[in-house]
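Lettering follows sequence order; numbering is per chain, from 1.
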Number of protein chains: 2
Amino acid sequence: MPYDPSAFPPFAVTVDLVVLTVRRHSLCALAVRRGEPPFQGRWALPGGFVRADEDLSQAAARELAEETGLRVHDPAAPAQDNGAHLEQLATYGDPERDPRMRVVSVAHLALAPDLPAPRAGGDASNARWAPVEELLEEGLGRDGEQAAPLAFDHGRILADGVERARSKIEYSSLATAFCPPEFTVGELRRVYEAVWSVALDPRNFHRKVTGTPGFLVPTGGTTTRQGGRPAQLFRAGGATLLNPPMLRPEV
Amino acid sequence: MPYDPSAFPPFAVTVDLVVLTVRRHSLCALAVRRGEPPFQGRWALPGGFVRADEDLSQAAARELAEETGLRVHDPAAPAQDNGAHLEQLATYGDPERDPRMRVVSVAHLALAPDLPAPRAGGDASNARWAPVEELLEEGLGRDGEQAAPLAFDHGRILADGVERARSKIEYSSLATAFCPPEFTVGELRRVYEAVWSVALDPRNFHRKVTGTPGFLVPTGGTTTRQGGRPAQLFRAGGATLLNPPMLRPEV
DNA sequence: GTGTTTATCGTCAGGCAGACGACTATGATC
DNA sequence: GATCATAGTCGTCTGCCTGACGATAAACAC
């Protein structure tokens, strides 16, 4: 296959972001309202064009910072935390996915702790955290505004991102990316419960996470911010893979 | 972010293929020799441009057929088998990855049973199955020709594909994609052993795979093609997820 | 104090995996 | 044809992990 410069069609390349967080016991995604056609007024995932001189991950990190102010957690400097986890999710390139032109979108998945408020270029009314079920629901929305379906193929992208997050917290320590730098076992458990939409036994969960070497390191402090007996505070340990994995209950 | 048509740079989009198979107890990948600069004469992964009217998966399937003659296994018609498994792997878009222009490559992973011989546009000397360690080795090649390093960032892509395959056969029935339509438990075990580069206990392996519902369905036939006592023949069952997973031994 | 909430420790039974013995059925070799 | 080598298949045993769940501890609200 010769590299004839006239032999390949030009594409636009974008990054779209599935930004997930846990708010009030429910898994939420960041959605922005489209201000222009197509799909004007509808909700979509944040994203934008990849610039001529930046890598895909750089573009994703830039878009994430523009939409949320989050910096990406630097694996080299885990001390200063509160950054988000960012990874590539998948690429979507159906010829019909954008009615205007041929656009290939490299979707990324970002996980962040609960944030004060979204900001989309300073315009708060055009960005929101919405429960993922609400953004993904097939049928009609409830009263007020209808969130679903998302613009373009963003519903599919969001579903893929949610599924990635749900499965990845099984065998990795990724759930800590939803937590503040210091957190309790109970807070971590509520993350799993929100992401999986299940109830977990607090005693077995405690045994599992504290018994997995390298998963959690105690900071020595305690907190009562959840009420009840004071709980130990932990930071995420160095381990990234959980072996054996956390088992997701049936259904 | 307005969609100003002059605001985005044009990209070339390609698909690159990590095609894996198991030959003579070792995990091999398909490599093609580059006939022109850059990296002329070096080995690379097969791939090509995405056409203006085709989806990414279509482009990958087309390239796979062109390079190997393999058709992609149709999930809707599992009866006629001998197709390959094909899935998207990841997308690589470093601005410097191709010295000629800005190319974003959507890599795909294909798994195939052992094949008669490669064909790259009919020219056999420009395509070969090479053990992945050979293609990935850091140092110098042995006598004869040096395979590594691959052209562009294909070494990284291949490493990612191999890692995906290694981890995915843990929790899915994907290892059967390396087998012919009918296979024995021992043949399936040798696939795991080749992909993981480990030795597995034949008795425990047999208990595991035959005890997992939906993984294997006996065809009733037997074979002695491996020597020794005749072994039952199986086909891949409908189950795609293995629960609990096959455990990969420590190193 | 009493009740409520959350955290944490313990106990027990069942399931599964690793280690490994035993037996079976074929082809190869003497 | 007896013997050997090779693979396949069935069992047993032990230890670890999980799910279910009782019990205790330490805070706050009244």
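- Classification of A:Glu163 and A:Lys168 as a salt-bridged pair fails, no side-chain N sitting under 4.0 Å from a carboxylate O.
- Rounded to an integer number of Å, the gap from A:Asp201 CG to D:dG22 P is 11 Å.
- With rounding to whole Å, B:Tyr192 atom OH is found 13 Å from C:dG18 atom P.
- Atom CG of B:Asn243 is separated from atom P of D:dT18 by 13 Å (rounded to the nearest Å).
- In terms of modelled atom types and a separation under 3.5 Å, the side chain of A:Glu63 and the main chain of A:Leu17 share no donor-acceptor contact.
- Between B:Thr184 and A:Leu247, the one whose closest nucleotide on DNA chain D sits nearer the 5' end is B:Thr184.
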Original post:
What string of B, S and - do you get for nucleotides 1-7 of chain D, 5' to 3', if B is base contact, S is sugar-phosphate-only contact and - is no contact with any protein heavy atom under 4.0 Å?
Top reply: -----BB
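- Atom CG in A:Leu242 sits roughly 13 Å away from atom P in D:dC17 (whole-Å rounding).
- For A:Arg166, the CZ atom counts as densely surrounded, since its 6.0 Å shell holds more than 12 non-hydrogen atoms of other residues, nucleotides or ligands.
- With salt bridges taken as basic N to acidic carboxylate O contacts below 4.0 Å, one links A:Arg156 and A:Asp160.
- Remark: A:Arg203, A:Asn204, A:Arg207, A:Lys208 in residues 202-223 of chain A come within less than 4.0 Å of DNA chain D through at least one heavy atom.
- Checked by atom type and distance alone, the side chain of B:Thr21 pairs as donor or acceptor with a backbone atom of B:Pro113 at under 3.5 Å.
- Rounded to an integer number of Å, the gap from B:Leu233 CG to D:dT9 C1' is 15 Å.
- Rounded to whole angstrom, the span from the CG atom of B:Leu200 across to the P atom of C:dA19 amounts to 11 Å.
- Sparse packing is recorded around CZ of A:Arg24, with 12 or fewer heavy atoms of other residues, nucleotides or ligands lying under 6.0 Å away.
- A centroid separation of 6.0 Å or more is found between the aromatic rings of A:Phe234 and A:Phe183.
- The side chain to side chain contact (heavy atoms under 4.5 Å, CB included) check on A:Pro202 picks up A:Arg189, with sequence neighbours excluded.
- When the P atom of D:dT18 is taken as reference, atom CZ of A:Arg248 falls 16 Å away, rounded to whole Å.
- Not a single donor-acceptor pair under 3.5 Å links the side chain of A:Ser172 to the backbone N or O of A:Leu241.
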